[in-house]
Amino acid sequence: MIDPRYSIINQRLEKIRRIIAVSSGKGGVGKSMVSTALALSLANEGFRVGLFDLDFTGPSTHIILGIPKNVQPREEKGIVPPIVYGLEYMSLVYYVGDNPAPMRGGDVSNALIELLSVTQWGALDFLVIDMPPGIGDAVLDLMRLVQRIEYLIVTTPSLLAFEVVKKQVALLCELKMPILGIIENMKMSKSDAIAKETIMLGIKYLGEVPFDAQVEASIGNPEKLMATALGSAMPQIKKALIDRGNPNVS
Amino acid sequence: MHEWALAEAILTSARQVAEQEKLKKVTDITIRVGELQQVEPQILRFALAQMKTGLFENAKFHIRKAKSTLKCRVCATTWQFSLKNLDKATAEAIHFVPEVAHTYIKCPTCGSPDFEIVSGRGVWLEDIRGAKAD
Ligand SMILES: Nc1ncnc2c1ncn2[C@@H]1O[C@H](COP(=O)(O)OP(=O)(O)O)[C@@H](O)[C@H]1O
Ligand SMILES: [Mg+2]
Ligand SMILES: [Zn+2]
């Protein structure tokens, strides 16, 4: 017995130039906010961008974007993600709505593999993935199945967050996965401890995002989100991302 | 038609097997479809027929249904998935991503959504027959 889905996954992602996973070993550090703002910011610049919410048990990007309930994918030779605020947008919420999805690791993996095998993405410059926290089944499967994913790691100034992030970095390095760098989110003081530690790990420090109460207040309104400190931090992150993809910049 | 994407996966996978086994042409492909995903054999067959070029030109597709067994992790009740009592939108959601069954289906004995999909989940490639190059 062969599961035919594995054979098609990389073909489904073929027309996508770069895949960026916004991840963190830790929850609540701002992955969903950063991935949404990054995707919007890239799209505003004229890139063709997709946003894929892979946090199946705690999906958030549809709330951050304020996606109306009647938005659904189209069925055509697979599932075609609808375009929302200029993004090809895919999430499990199309199938579960506001209800909980009490899935165990194996189910999360299976759902991930299913969506990867049937989603028909267009020709994209960037696919931004909002990852679940931690290094559970879905994260490990994604690393195994799609090896060209580049990881953008989010931490907060908290030692608790950074200690978990360090473990994730160690795993990614061991598996030889490309790491774009670390973003320090919700910064409230001037300390450069995280920046220093990041550089010591041999990872690029992509900058800090100040804590801004307007971020929470912007939920459901993408324009407002882009006007917050988080939106303002996107150009530097975007630059690091684009420079890395440009063979003329080292 | 989302079955098209599954049919394409089946043929891509079958091609890999055929290459490994150095088959010059494929004569028979057996596919198992689990009831949980509710893939219509006719629709799948139609999609396969549209894509069966080259290696698969003369291939016959045998599509077999498999019952889907669910088992409660709390009280160990075992039961069979059925479309009874599911509205159209729910059935369709499960059709696209079978795991969302955990959102809509509960154990008939204790009401828990924490069950295992023991069998009959989705689409499987069961067997490929063909003639080797000589
Ligand atoms: N830079 C920031 N300033 C203030 N609040 C923020 C900032 N970034 C994220 N938040 C808030 O932190 C919480 C967690 O963010 P979220 O993106 O859901 O994290 P994760 O996806 O990592 O779990 C949210 O309530 C969000 O509004
Ligand atoms: Mg999140
Ligand atoms: Zn039970």
Legend entry - Where B/Ala9 and A/Ser7 come nearest, the two heavy atoms and their spacing: O-OG, 3.3 Å
Legend entry - Non-hydrogen atoms of B/Val97 and A/Glu114 that approach each other most closely: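 Minimum heavy-atom separation between B/Val97 and A/Glu114: CA-CG, 4.4 Å.
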Inset, instruction - Check whether any side-chain heavy atom of B/Thr103 sits under 4.5 Å from a side-chain heavy atom of A/Tyr95, and report yes or no. - result: no
Which region of [X], side chain (C-beta onward) or backbone (N, CA, C, O), has a non-hydrogen atom less than 4.5 Å from a non-hydrogen atom of chain A, or is it both or neither?
{"X": "B/Gln16", "value": "side chain"}
{"X": "B/Gln37", "value": "side chain"}
{"X": "B/Arg121", "value": "side chain"}

Is it the case that more than 12 heavy atoms not belonging to [X] sit under 6.0 Å from its [atom1] atom?
{"X": "B/Lys52", "atom1": "NZ", "answer": "yes"}
{"X": "B/Lys60", "atom1": "NZ", "answer": "no"}
{"X": "B/Asp87", "atom1": "CG", "answer": "yes"}
{"X": "A/Lys238", "atom1": "NZ", "answer": "yes"}
{"X": "B/Arg45", "atom1": "CZ", "answer": "yes"}

Could you give the distance from [atom1] ([X]) to [atom2] ([Y]), rounded to the nearest 0.5 Å?
{"X": "A/Ile2", "Y": "B/Ile10", "atom1": "CD1", "atom2": "CD1", "result": "11.5 Å"}
{"X": "B/Glu8", "Y": "A/Arg5", "atom1": "CD", "atom2": "CZ", "result": "15.5 Å"}
{"X": "B/Ile31", "Y": "A/Met1", "atom1": "CD1", "atom2": "CE", "result": "12.0 Å"}
{"X": "B/Trp4", "Y": "A/Glu75", "atom1": "CH2", "atom2": "CD", "result": "13.0 Å"}
{"X": "B/Leu125", "Y": "A/Asp3", "atom1": "CG", "atom2": "CG", "result": "9.5 Å"}
{"X": "B/His2", "Y": "A/Arg74", "atom1": "NE2", "atom2": "CZ", "result": "15.0 Å"}

Legend entry - Candidate pair A/Ile79 and B/Phe96, rule side-chain contact (heavy atoms from CB on, under 4.5 Å), full reasoning: CA-CA 9 Å; A/Ile79 292 168; B/Phe96 285 118; 3.6 Å; yes
Legend entry - Cationic N near anionic O, under 4.0 Å, A/Arg104 to B/Glu99: no
Legend entry - Check: A/Ile8 main-chain N/O paired with B/Thr12 side-chain donor or acceptor under 3.5 Å: no
Inset, instruction - Apply the test side-chain contact (heavy atoms from CB on, under 4.5 Å) to residues A/Lys77 and B/Glu3: give CA-CA distance (whole Å), side-chain angles for both, the deciding distance (0.1 Å), then the verdict. - result: CA-CA 7 Å; A/Lys77 296 194 168 180; B/Glu3 280 82 352; over 6 Å; no
Inset, instruction - Heavy-atom pairs under 4.5 Å with chain B are the metric here; pick the option from A/Ala101, A/Ser117, A/Pro102, A/Gly97 that has the most. - result: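 Winner by heavy-atom pair count: A/Pro102.
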Inset, instruction - Specify which of A/Thr119, A/Val96, A/Leu92, A/Val80 makes the most heavy-atom pairs with chain B at under 4.5 Å. - result: A/Val96
Legend entry - chain B contact via A/Pro100 - which portion, at a heavy-atom distance below 4.5 Å: backbone
Inset, instruction - Pick one of side chain, backbone, both or neither for A/Ile9, based on which atoms fall under 4.5 Å of a heavy atom in chain B. - result: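 A/Ile9 has no heavy atom closer than 4.5 Å to chain B.
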